[in-house]
Structures are given as structure tokens and as C-alpha cells.
*Asks:* 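So that we are looking at the same thing, I have put the structure below in C-alpha cells.
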Amino acid sequence: MGDYRIPFNRATLTGSELRYITEAVERGHLAGDGDFTRRCNAVLEQELGVLKALLTTSCTHALEMSALLLNLRPGDEVIVPSFAFVTTANAFALHGARPVFADVRSDTLNLDETQLGELITPRTRAVVPLHYAGVGCEMDAICALAEERGIAVVEDNAHGLFGSYRGKKLGTFGALATQSFHETKNFTCGEGGALLINDPELLARAEILREKGTDRSRFFRGQVDKYTWIDVGSSYLPSEVLAAFLFAQFEHRDEIQATRARLWRRYVDALGDWAAAHGVGLPHVPAHCEQPAHMVYLMLPGLDARQRLIAHLRERGILAVFHYLPLHLSSMGRTFGGRPGLCPVTEDVSDRLLRLPLFHGLGQDEQDDVIGALLEFDAFE
Ligand SMILES: Cc1ncc(COP(=O)(O)O)c(C=O)c1O
């Protein structure tokens with residue numbers, strides 16, 4: 001990433017992380033599912049209103065647990081947006097399913113719910129709405145269609161912790177939902193995640209899959225007198241050291257979210273006229289969505305303008321980054337039927353999107369520098 005005066009991201013730090021890690025060490029329980037893990041799970045359960053939250057080693061692993069919980073079989077299909085992180089699709093492919101790529105809406109960059117119906121076949125088992133930038137997908141339409149056609153909803157809520165859609169928290173719509181605590185996310189422990197479970201029928205098995213296919217969770221609760229191998233599974237639970245780090249951030253959740261919201265609003269207010277004058281798009285947040293200030297992006301007129309703007313910012317010591325490359329055009333995506341033209345909106349926005357530095361520790365002076373550098377850029381043609 002080189003040496004940038006203003007990096008794209010600095011991990012959130014509240015100041016109590018090391019104290020809590022010390023506490024965990026002194027308590028002598030370093031494996032998973034100790035007191036800090038339970039407290040993190042409880043924050044997620046209470047704040048979101050989900051039946052059960054289970055910390056995991058990553059969002060990727062929570063997605064893989066979802067694939068296992070759905071009992072996917074070779075030939076099953078899972079609908080994923082093409083404008084997504086690799087593991088949004090890979091987690092299901094890893095367990096034998098064929099990802100079916102859906103295009104996204106050009107306004108929110110979320111899975112286009114109007115195209116969902118035609119992608120559902122008798123082999124479809126699930127749809128994975130990714131709440132891009134923490135702006136809710138059109139969950140009324142997606143959940144209604146999923147219910148009518150008998151398919152599961154797994155929300156990829158990596159960006160959307162504490163966001164809501166029509167007043168209901170993201171992560172509470174699907175049978176399952178996944179969170180990420182990777183260092184780029186609003187709340188982090190370096191690498192981490194969570195599986196949110198809203199369907200009571202999936203709960204008991206989720207605990208077993210996460211504990212290497214054993215009923216060790218029940219054993220720890222004193223519900224069985226020994227634990228044993230009863231299903232497939234893997235090791236998806238993070239150490240208490242990570243949970244202690246994460247809990248320090250959860251405790252400061254209001255302050256972290258308020259700081260990010262202030263930074264987000266400042267960017268959007270300061271850039272509005274410049275963006276309108278140059279045909280640059282800013283994030284679109286429908287009135288019925290509350291977004292958790294995870295991301296600010298620009299939608300530039302084209303690829304050349306984006307490259308020029310990245311270089312302009314780099315000369316001023318500022319790192320701005322882009323993502324996602326269309327999954328349907330990746331070499332793996334092509335083996336699942338991806339080809340140019342399949343998801344035209346994804347192909348278009350993927351060349352034009354640029355993310356700005358937005359993180360808890362971004363100073364006002366630093367943000368002013370980013371804004372100033374943007375306002376002086378006019379090489380769009
Ligand atoms: C939308 C989305 N899903 C899943 C992931 C994977 O998260 P993790 O790194 O916690 O596995 C990411 C990571 O950035 C993401 O942005």
C-alpha cells in the first residue's frame with residue numbers, strides 16, 4: 001500500500017483493547033467461548049434483536065457455516081450479487097453449490113430485486129443479499145419472493161452492522177446473516193466475524209458445526225456429561241484474546257458510530273456541489289434505510305477519470321481504493337457461466353467506483369486535506 005500520509009484505513013482503537021486482553025490472559029481462559037465471547041455475542045443479540053449470535057473467526061467462515069447449515073449438495077444453486085467480495089460466492093462454491101450471479105441496482109449497488117425472480121430455478125437453495133456500504137437491500141421484496149419460492153435468505157452484512165431497513169436492523173431478515181470484524185470494518189479484532197441466527201431450527205446445529213462437529217457447547221453448559229463427534233464441522237470460534245479486543249470496541253459502539261457518522265456526513269456535504277458539477281455520484285441512501293457510515297464512495301464518470309483521480313490523490317499522499325472486480329468475469333466466475341454482458345451494471349460501476357479514507361481515527365485536518373484535494377481535481381475529460 002506504500003507510504004501514504006493519509007491511508008485508506010487505520011483500524012479502530014478505543015484504548016481499552018489491551019486492558020481487556022490482559023484481563024483475559026489473567027483469567028487463564030484463552031480458547032474460545034469464554035466470558036468476552038459471551039459478552040460480544042450478547043451485545044449483538046441485544047442490539048440487533050437476533051435469536052443467537054456466534055462469534056466466528058471471520059465473515060468468510062460465517063458464510064461457510066451458512067453453506068453447511070443449508071446442507072448444500074452439488075448442483076444446488078445460490079444466488080449472489082456479482083458486485084461482491086470473493087467469499088460471498090466462494091463460501092457456497094466451496095460446499096458444492098453453483099453461484100448464480102445477479103446484477104445490482106445502479107443506485108444502491110445492491111442486488112437487483114427486480115431480477116431475482118427470473119434467476120430462481122428448481123435447484124435454487126438460497127439468495128445472499130449483500131447490504132452494500134451498509135445500505136439495506138430491498139428486503140421486503142427479497143424476503144417475500146424467497147418465502148414464496150421456498151429458498152433461504154442469508155444476509156451478507158459485513159458492511160452493515162447497526163444499519164436498518166424500514167426501522168428493522170440489518171441481519172435480522174434472513175434465516176442467517178454474517179458480520180465481519182476485519183480491520184477495515186467499523187468494529188474490529190483484526191480478523192473476526194459473527195454468524196447471526198434467526199431461524200431457531202438452525203441453532204443447535206450451528207453450535208455443533210462451529211465446535212468441530214462436536215456437542216462441546218452443550219457440554220460446557222452442563223447439558224451433557226461428555227462431548228463427542230456428532231456431525232461434520234470445523235473450528236470456527238475465535239480465541240478469547242480476539243473477543244476481548246472486540247468487546248473493547250463494542251463497549252464504545254455509540255461513540256464509534258457517532259464519529260463515523262459525522263465524518264460520513266462531512267464528506268457528503270462538502271463534496272455535493274463539486275460532485276454535481278462534474279457528474280460524480282455520491283452514495284445513495286433511500287429514505288427508508290439507515291446506514292452505519294461504513295463507507296463513502298465516489299461514482300466517477302469513467303475508468304480514466306478514476307485512474308487520474310487516484311494518481312492526483314497519491315501525489316498528495318492520500319490513498320483511495322476501489323473494489324469489487326465483477327465476480328462473474330473472474331476466472332472462477334467464468335467456470336460457473338459468467339461472461340461479459342451478464343451483469344452490465346456490475347461491469348459498469350466496477351470501473352468507476354472509488355472509496356475515500358473513512359475511519360474512526362481520521363482527524364478533521366486529514367479529512368479537510370482529502371476534501372481539498374478532491375475539490376481541486378477537475379480532470380474528468
Ligand atoms: C461484503 C463482504 N463479505 C464478506 C467479507 C469477508 O469478510 P472477512 O474478511 O471477515 O472474512 C468481506 C470483507 O471485506 C466483505 O466486504
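Along the sequence shown, residues carry numbers from 1. In listed order, ligands and their atoms are each counted from 1.
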*Asks:* Would the number of heavy atoms belonging to other residues, nucleotides or ligands and lying under 6.0 Å from CG of Asp273 be above 12?
*Replies:* no
*Asks:* May I ask you to establish whether Arg316 and Phe377 are in a cation-pi arrangement, using a distance under 6.0 Å from NZ or CZ to the six-membered ring centre and at most 45° from the ring axis?
*Replies:* no
*Asks:* Of Asn157, Thr184, Asp156, which has the heavy atom at the shortest distance from atom 3 (N) of ligand 1?
*Replies:* Asp156
*Asks:* Based purely on interatomic distance, does Glu191 place a nitrogen or oxygen under 3.5 Å from a nitrogen or oxygen of ligand 1?
*Replies:* no
*Asks:* Taking the six-membered ring where the residue is Trp, are the ring centres of Phe247 and Phe187 under 6.0 Å apart?
*Replies:* no
*Asks:* May I ask you to list the atoms of ligand 1 that are less than 4.0 angstrom from any heavy atom of Thr88?
*Replies:* 3 (N)
*Asks:* Just need the protein heavy atom nearest to atom 9 (O) of ligand 1, so name the residue and atom and give the distance.
*Replies:* His182 CB, 3.9 Å
*Asks:* When you compare the side chain of Leu55 with that of Pro238, does any pair of heavy atoms fall below 4.5 Å?
*Replies:* yes
*Asks:* Any atoms of ligand 1 less than 4.0 Å from a non-hydrogen atom of Gly192? List them with their elements.
*Replies:* 10 (O)
*Asks:* With heavy atoms of Thr60 as the reference, note each atom of ligand 1 found under 4.0 Å away.
*Replies:* 6 (C), 8 (P), 11 (O)
*Asks:* Before we go on, tell me: are the rings of Phe336 and Phe92 under 6.0 Å apart, centre to centre?
*Replies:* no
*Asks:* Please identify which atoms of ligand 1 are closer than 4.0 Å to at least one heavy atom of Leu130.
*Replies:* 1 (C)
*Asks:* At under 4.0 Å between heavy atoms, which part of His61 makes contact with ligand 1: side chain, backbone, both or neither?
*Replies:* neither
*Asks:* Any nitrogen or oxygen of Lys185 lying under 3.5 Å from a nitrogen or oxygen in ligand 1? Just yes or no.
*Replies:* yes
*Asks:* Kindly state whether the ring of Tyr132 and the ring of His323 have centres lying under 6.0 angstrom apart.
*Replies:* yes
*Asks:* When you look for heavy atoms under 4.0 Å from ligand 1, do you find them on the side chain of Phe83, its backbone, both, or neither?
*Replies:* neither
*Asks:* Give me the residue, atom name and distance of the protein heavy atom closest to atom 5 (C) of ligand 1.
*Replies:* Phe85 CD2, 3.4 Å
*Asks:* So if I count the atoms of ligand 1 from 1 in the order they appear, which ones are less than 4.0 Å from some heavy atom of Ser58?
*Replies:* 10 (O), 11 (O)
*Asks:* Against heavy atoms of Cys59, which atoms of ligand 1 measure under 4.0 Å?
*Replies:* 4 (C), 6 (C), 7 (O), 8 (P), 10 (O), 11 (O)
*Asks:* Below 4.5 Å, heavy atoms only, C-beta onward: do Val370 and Tyr267 meet side chain to side chain?
*Replies:* yes
*Asks:* Which bit of Thr87 gets closer than 4.0 Å to ligand 1, counting heavy atoms only: side chain, backbone, both or neither?
*Replies:* side chain
*Asks:* So, applying side chain to side chain donor-acceptor pair (under 3.5 Å) with Tyr165, which one of His288, Glu290, His131, Glu138 is it?
*Replies:* Glu138
*Asks:* Do other residues, nucleotides or ligands put more than 12 heavy atoms under 6.0 Å from Phe380 CZ?
*Replies:* yes
*Asks:* Taking only non-hydrogen atoms of Ala62, do any sit less than 4.0 angstrom from ligand 1?
*Replies:* no
*Asks:* Using the side chain to side chain donor-acceptor pair (under 3.5 Å) rule, pick out the option among Arg221, Lys52, Arg216 that qualifies with Glu207.
*Replies:* Arg221
